[in-house]
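Report on the structure given below.
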Amino acid sequence: MEIKSFKHSKTAIEDQYARINGLVNKDESQKLYHELRNIYYIEKSKQVGKGKAIKYYFENVRLFINPDDIFADMADISNTPMRLRDEEYQKYKKYDDKAVAIQKEGAFWADCDFGHTMPDWNVVFNLGITGIIKRAEQYLQNNKLTESQMEFYLSVKYAYEGILIFIKRLRKEALAVKSENAEFAAKNLEALSKGKPTTLAEAMQLYFIYYMAQSFVESYNNLRSLGALDDILYPYYKHDIDNGICDEEDVRELIRYFLFKWNSMNITANIPFNLCTNTNELTYLILEEYVNLNVPDPKIHVKCSAQTPDKVYKIIMESIRHGNNSFVFMNDEVIKKGLMHIGIEPEDAKDYTIIGCYEPCAAGKEIPCTLNGRINMPMAVEVVLNGGKKFNSENVIGIDFGKSFTSFEMFYNAVKEQLKVWSEMAIREINAIEKQYPNINHSPVLSATFNSCMEEGKDVYAGGAKYNNSSICAFGIATIVDELIAIKKAVFEDKIITLSELTDVLKNNWNGSEVLRKTMQDKYPKYGNNVAEVDELANDLMSYMSDCIDNKPNGRGGVYRMGLFSIDWIIDYGKQLGASADGRFSGEPISKNLSASVGMDKKGVTGIINSVTKFDYSLAPNGSVLDLHLHPAAVSGDEGIGIMTSLVKTYLSKGGFAVHINVMNPETLKKAQKNPEKYKNLQVRLCGWNVYFTDLNVEMQNNLIKSMER
């Protein structure tokens, strides 16, 4: 390959997308948007209007070529057709005033989700841009089409004609630059302008073209997975090796450019990919080069089964131990079982991908809308204690059950009833907005890759996917379980305080009651320590939430999927909560994902794994994850790699859904807080993504430090 070495080009690629912002002419950009907006609104059909607007954008947008990059895709994305979606949203979103008020209080959240999809990459690569246009034109020749079908196929045709124009314009601009790398990009773009990719470089280039078209032009933040990267790219790799186009070092150079370019976009958690669907030699090349690059993006989901090679674990564990922890281990069998739990056929469940942080979906078949809603479970305890209100508030956001709870079972059932009511309210809110999806988010770029959409002549957001599902996450598991157990013991068994007295203490944020707070925090058992009574309560609560959410009908002809992760909501939702009976102060963060409350997992890693894996995670098909924090001293040497691997294998073999790992000394994090300039490259696994520790706000830094301290 006649290109500059990646080492030579790395610095010039690193911040290339950020540099574009300084080159954009804001007046010209705004003018272009007004013009494409007029094209959209002048059409009788908004579906056709969206396709034409996308085409007009690609015909006229200003392009940028980096002479040091071997892939071309950069354009002014400050004012694209994606803004049309936001305008339509404002028109069609109808709010229930009561639900809005309760959401503002932090009990739940419900809205649309256009940010978690993946195209059918097989269609993208097997047809190419020209093939997708040809397929749309073939459907348009059918004289029995309905008006809406005709409009759909036209929108696809116009949108992809625009993408083809984009490719040709990029090629012309690249040729004008006169650099080795730009000429290489131009060559690959020329091939894509004529048909589907045949080489590895062409396939990689098509990834960037498609991603740009869907995520930045059609619907921002929409595409959330590159799919099974080693599986998808393997035929192109094999073609190049067999035909003498590339040798192994050439392939490694392509991988370096490819992965580092995604990293240069600086879009947290937006473009993960899967490995080990079908482990092959390309799997190891990708892993090895990723580890050598030591970048936080893109993230990697590792599909784990009994067949996953130990060599894969070894490479990844060594990477994590050295500070690159952009990996999450996913349980292949549990994921397939979970998808089948919500009605996805076995063959479709088998061919799944992971989008976003931990959420599985049937690849090329499902629009899962994985973040439609959230239920703040600990809030239910507070509201039941306080007669339907939050502490120190007069706003009624829940049911007033009174105060005559004569048993823990009565109290617990009231908490569950409150959670059910909020779940039902969230579902009603989501269903209402989902019925407007066909008016809000016309997506010809994404839809064209779904065979079901093309066969039916229907947009993916108008029900064109085979499975049109929605999702709600219930979170704060350890916090709610710990406070329920504390109430059960202190109030109903030991009788050291009445429920009314406890409510007053919590309203007062434990002021003057430190002895009681320490008793509630330290005396009574906590989630994450393999205590049967606690784990039974946790399992019952999570099963109950599954009954409230899973398979309930949504507003698009699909069903709901429950998730059990919290990602980074624990700070903001913790601020909405008063003090809780587990000893937590008002406003402090709540528990994260499946993890124990900070500092409460007294039985170590073994205890938390044994506790967490007692639940059937097929009842949480939208995903869940356990955060493991290990001290470097505990996993040093070759033995340490074995320990880490064994922990992951044990967790997954016992039925865990997903797990990621931080290997970090909390003292190092404290030093990084004080001297951030010395720790700019210090990575930590935060949620569904890893970040540079020094980029976090102080609250998140402190929470992470506490979670690593034993």
*asked:* Looking at every non-hydrogen atom in both residues, tell me the closest pair between Ser225 and Thr353 and how far apart they are.
replied: OG-OG1, 3.4 Å
*Looking at residues at least two apart in the chain, or sitting in another chain, which of them share a salt bridge (charged side-chain N to carboxylate O under 4.0 Å, His left out) with Glu281?*
none
*Sequence neighbours left out, what passes side-chain contact (heavy atoms from CB on, under 4.5 Å) with Val312? Give chain and number order.*
Cys276, Thr279, Tyr284, Leu287, Val302, Thr308, Pro309, Ile316
*Sequence neighbours excluded, every pair satisfying side chain to side chain donor-acceptor pair (under 3.5 Å) that has a member inside residues 633-653*: Asp310-Lys649
_Distance check, rounded to the nearest 0.5 Å: His116 atom NE2 versus Thr370 atom OG1?_
4.0 Å
*Reference residue Tyr290; test ring pair (Phe, Tyr, Trp, His ring centres under 6.0 Å); the match among Phe260, Phe258, Phe327*: Phe327
*Do Ile643 and Leu630 have side chains that get closer than 4.5 Å, going by heavy atoms?*
no
*Measure the CD1-CG distance between Ile255 and Leu282 for me, rounded to the nearest 0.5 Å.*
5.0 Å
*From CG (Leu446) to CD (Gln214), nearest 0.5 Å*: 4.5 Å
_Residues forming a salt bridge (charged side-chain N to carboxylate O under 4.0 Å, His left out) with Arg321, sequence neighbours excluded_ = none
*asked:* Assess the residue pair Ile567 and Tyr358 against the criterion (side chain to side chain contact (heavy atoms under 4.5 Å, CB included)); give the C-alpha distance rounded to whole Å, side-chain angles, the decisive distance to 0.1 Å, and a yes or no.
replied: CA-CA 10 Å; Ile567 52 176; Tyr358 323 103; 4.1 Å; yes
_Close side-chain approach of Glu289 to Asn292, heavy-atom, < 4.5 Å_ = yes
*What residues, two or more places apart in sequence or in another chain, satisfy side chain to side chain donor-acceptor pair (under 3.5 Å) together with Asn469?*
Glu366
*Among Ile477, Val625, Val659, find the residue that satisfies the side chain to side chain contact (heavy atoms under 4.5 Å, CB included) test when tested with Leu594.*
Ile477
*So, the side chain of Ser618 versus the backbone of Gly338: is there a donor-acceptor pair under 3.5 Å, distance only?*
no
_Has Arg561 got a side-chain atom pairing as donor or acceptor with Pro360's backbone, closer than 3.5 angstrom?_
yes
*asked:* With a 3.5 Å distance limit and no angle check, can you tell me whether Asn278 reaches the backbone of Asp231 through a side-chain donor-acceptor pair?
replied: no
_The criterion is ring pair (Phe, Tyr, Trp, His ring centres under 6.0 Å); which residues satisfy it with Tyr467, sequence neighbours excluded?_
none
*Start with the C-alpha gap between Asp616 and Met542, add the side-chain angles, then the distance that decides, and say whether side chain to side chain contact (heavy atoms under 4.5 Å, CB included) holds.*
CA-CA 9 Å; Asp616 178 4; Met542 291 188 283; over 6 Å; no
*Considering residues at least two apart in sequence or located in another chain, which fulfil the salt bridge (charged side-chain N to carboxylate O under 4.0 Å, His left out) criterion with Asp572?*
none
*Would you say Asn529's side chain and Lys603's backbone share a donor-acceptor pair under 3.5 angstrom?*
yes
*Side chain Thr479, main chain Ile590, donor-acceptor under 3.5 Å*: no
*asked:* Quick one, Tyr313 with Ile641, criterion side chain to side chain contact (heavy atoms under 4.5 Å, CB included). Give me CA distance, side-chain angles, the key distance, then yes/no.
replied: CA-CA 9 Å; Tyr313 285 112; Ile641 297 298; over 6 Å; no
*Decide, yes or no, whether a salt bridge links Lys552 with Asp550 under the criterion of side-chain N to carboxylate O below 4.0 Å.*
no
*What's the shortest heavy-atom distance between Met330 and Ala658, and which atoms?*
SD-CB, 3.6 Å
*Would you say the side-chain atoms of Ser264 pair up with the backbone N or O of Glu14, donor to acceptor, closer than 3.5 Å?*
no
*Flag the pair Tyr234 / Tyr237 as yes when their ring centroid distance falls below 6.0 Å, and as no otherwise.*
yes
*Heavy atoms, side chains only, cut-off 4.5 Å: are Phe615 and Leu564 in contact?*
yes
*Under the salt bridge (charged side-chain N to carboxylate O under 4.0 Å, His left out) rule, collect the residues that match up with Lys466, sequence neighbours excluded.*
Glu345, Asp348
*Mind checking whether Val124 and Leu206 have side chains closer than 4.5 Å, heavy atoms only?*
yes
*Does any donor atom in the side chain of Asn662 or Asn325 lie under 3.5 Å from an acceptor atom in the other side chain?*
yes
_Arg584 bridged to Asp482 by N-O distance under 4.0 Å_ = no
*asked:* Closer than 3.5 angstrom, by distance alone: can the side chain of Asn622 be matched with the main-chain N or O of Cys473 as a donor-acceptor pair?
replied: no
*When you measure from the side chain of Asn554 to the backbone N and O of Tyr560, does any donor-acceptor pair fall under 3.5 Å?*
no
*Pick from Ile661, Leu647, Val635: which one makes a side chain to side chain contact (heavy atoms under 4.5 Å, CB included) with Met317?*
Ile661
*Just jot down the ring pair (Phe, Tyr, Trp, His ring centres under 6.0 Å) partners of Tyr527, sequence neighbours excluded, or say none.*
none
*Run the salt-bridge test on Glu347 and Lys350 with the 4.0 Å N-O cut-off and return the result as yes or no.*
no
*Not counting sequence neighbours, which residues clear side-chain contact (heavy atoms from CB on, under 4.5 Å) with Ala203? List them please.*
Phe125, Pro197, Leu233, Tyr236
*Would you check if the side chain of Ser423 reaches a backbone N or O of Leu419 as a donor-acceptor pair within less than 3.5 Å?*
yes
*Using the side chain to side chain contact (heavy atoms under 4.5 Å, CB included) rule, take Ile608 and Leu628 through it: C-alpha gap first, then chi angles, then the decisive distance, then the call.*
CA-CA 9 Å; Ile608 187 68; Leu628 289 182; 4.2 Å; yes
*Under the ring pair (Phe, Tyr, Trp, His ring centres under 6.0 Å) test, which residues partner Phe475, sequence neighbours left out?*
Trp569, Tyr573
_Is it the case that the side chains of Ser471 and Glu359 hold a donor-acceptor pair, with the cut-off being a distance below 3.5 Å and no angle test?_
no
_Donor-acceptor pair, distance only, cut-off 3.5 Å: does the side chain of Glu333 make one with the backbone of Asn331?_
no
*Taking every non-hydrogen atom, the tightest pair across Tyr210 and Val445*: OH-O, 3.4 Å
*asked:* For the aromatic rings, using the six-membered ring if either is Trp, is the centroid distance between Phe273 and Trp262 under 6.0 Å?
replied: no
*Assess whether side-chain hydrogen bond (donor to acceptor under 3.5 Å, both in side chains) is satisfied between Lys592 and Ser566, documenting all intermediate values.*
CA-CA 6 Å; Lys592 180 181 174 187; Ser566 64; over 6 Å; no
_Suppose we screen for ring pair (Phe, Tyr, Trp, His ring centres under 6.0 Å). Which residues come up paired with Phe450, at least two apart in sequence or across chains?_
none
